[in-house]
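Note: hydrogens, waters and symmetry copies are ignored here, and every other heavy atom, side chains too, is used.
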Amino acid sequence: MGASDLSDRYRTYISRCNARRFDELREFVAPDVIASETAEGIDNYIAGIEAVVTGFADYRWDLQHLLVDGTWIAARLLGSGTHTGPFRGIAATGRAVRVQELAMYRTEGGLITRCWGDLGATLRDELVSGDGS
């Protein structure tokens with residue numbers, strides 16, 4: 001699969017996340033995916049994304065930069081949402097957040113097989129920072 005194809009697939013993947021069409025992520029993610037060395041399998045992968053929108057019902061990923069190198073994808077995303085539900089042990093605060101996410105993916109046959117990202121920790125840090133702006 002060429003860089004253009006992977007780029008198009010990733011953009012579609014992000015649009016499915018924003019549309020909350022999480023079951024359709026199976027088209028883009030391998031059944032045995034490993035996420036950030038802790039979550040294994042597609043069900044855990046999807047549960048991690050669902051946890052974000054459980055905590056931030058209006059969360060949106062906006063792709064800023066995308067780099068495809070062979071079977072590797074690097075993405076810089078800006079995320080925004082309002083903390084309306086529990087997230088990583090923090091009760092809803094009503095705070096609007098805007099964070100930068102950096103994610104790396106390894107693919108095989110066009111499917112994400114590994115990913116590393118900092119979104120969960122970045123969102124949690126934003127919520128506990130005490131900065132109400």
Does the side chain of [Y] come within less than 4.5 Å of [X]'s, by heavy atoms?
X: Tyr45; Y: Glu50; value: no
X: Arg98; Y: Leu78; value: yes
X: Leu63; Y: Arg11; value: yes
X: Ile42; Y: Phe28; value: no
X: Ile34; Y: Trp116; value: no
X: Val29; Y: Leu111; value: no
X: Leu25; Y: Cys17; value: yes

Handout entry: Glu40 vs Asp32, side chain to side chain contact (heavy atoms under 4.5 Å, CB included): CA-CA, chis, key distance, verdict
Key = CA-CA 6 Å; Glu40 293 186 31; Asp32 58 349; over 6 Å; no
Contacts of [X] that satisfy side-chain hydrogen bond (donor to acceptor under 3.5 Å, both in side chains) - sequence neighbours left out:
X: Arg21; value: Glu24
X: Asn18; value: none
X: Thr82; value: Asp58

Exercise for the section: Measure the spacing between CG of Asp23 and CD1 of Ile46 and express it to the nearest 0.5 Å. Expected result: 6.0 Å
Which atom names give the shortest non-hydrogen contact between [X] and [Y], and what distance separates them?
X: Gly117; Y: Ser36; value: N-OG, 3.3 Å
X: Gly110; Y: Leu6; value: CA-CD2, 4.1 Å
X: Ile49; Y: Trp61; value: CG2-CH2, 3.8 Å

Handout entry: Whether Thr113 side chain and Arg106 backbone form a donor-acceptor pair below 3.5 Å
Key = yes
Practice task
Please answer whether the main-chain N or O of Ser4 pairs with a side-chain N or O of Ser7 as donor and acceptor at a distance below 3.5 Å.
Solution key: no
Practice task
Please list, chain by chain and in numerical order, all residues satisfying salt bridge (Lys or Arg N to Asp or Glu O under 4.0 Å) with Arg26, sequence neighbours excluded.
Solution key: Asp43
Practice task
Just jot down the salt bridge (Lys or Arg N to Asp or Glu O under 4.0 Å) partners of Asp8, sequence neighbours excluded, or say none.
Solution key: none
Problem - Side-chain ion pair, Glu27 and Arg16, N-O less than 4.0 Å - result: yes
Handout entry: Results of ring-ring contact (aromatic ring centres under 6.0 Å, His included) for Tyr10 - residues two or more places apart only
Key = Tyr13, Tyr105
Practice task
List the steps and the verdict of salt bridge (charged side-chain N to carboxylate O under 4.0 Å, His left out) for Arg124 and Glu126.
Solution key: CA-CA 5 Å; Arg124 187 174 194 298; Glu126 181 71 15; over 6 Å; no
List, one per line, each side-chain donor-acceptor pair under 3.5 Å for residues 84-93, sequence neighbours excluded.
unit_1: Thr84; atom_1: OG1; unit_2: Ala57; atom_2: N; d: 3.4
unit_1: Thr93; atom_1: OG1; unit_2: His83; atom_2: ND1; d: 3.0
unit_1: Thr93; atom_1: OG1; unit_2: Arg95; atom_2: N; d: 3.2

Scan the side chains in residues 64-75 for donor-acceptor partners under 3.5 Å anywhere in the protein, sequence neighbours excluded, and list what turns up.
unit_1: Gln64; atom_1: NE2; unit_2: Asp62; atom_2: O; d: 3.4
unit_1: His65; atom_1: ND1; unit_2: Arg76; atom_2: NE; d: 3.1
unit_1: His65; atom_1: ND1; unit_2: Arg76; atom_2: NH2; d: 3.2

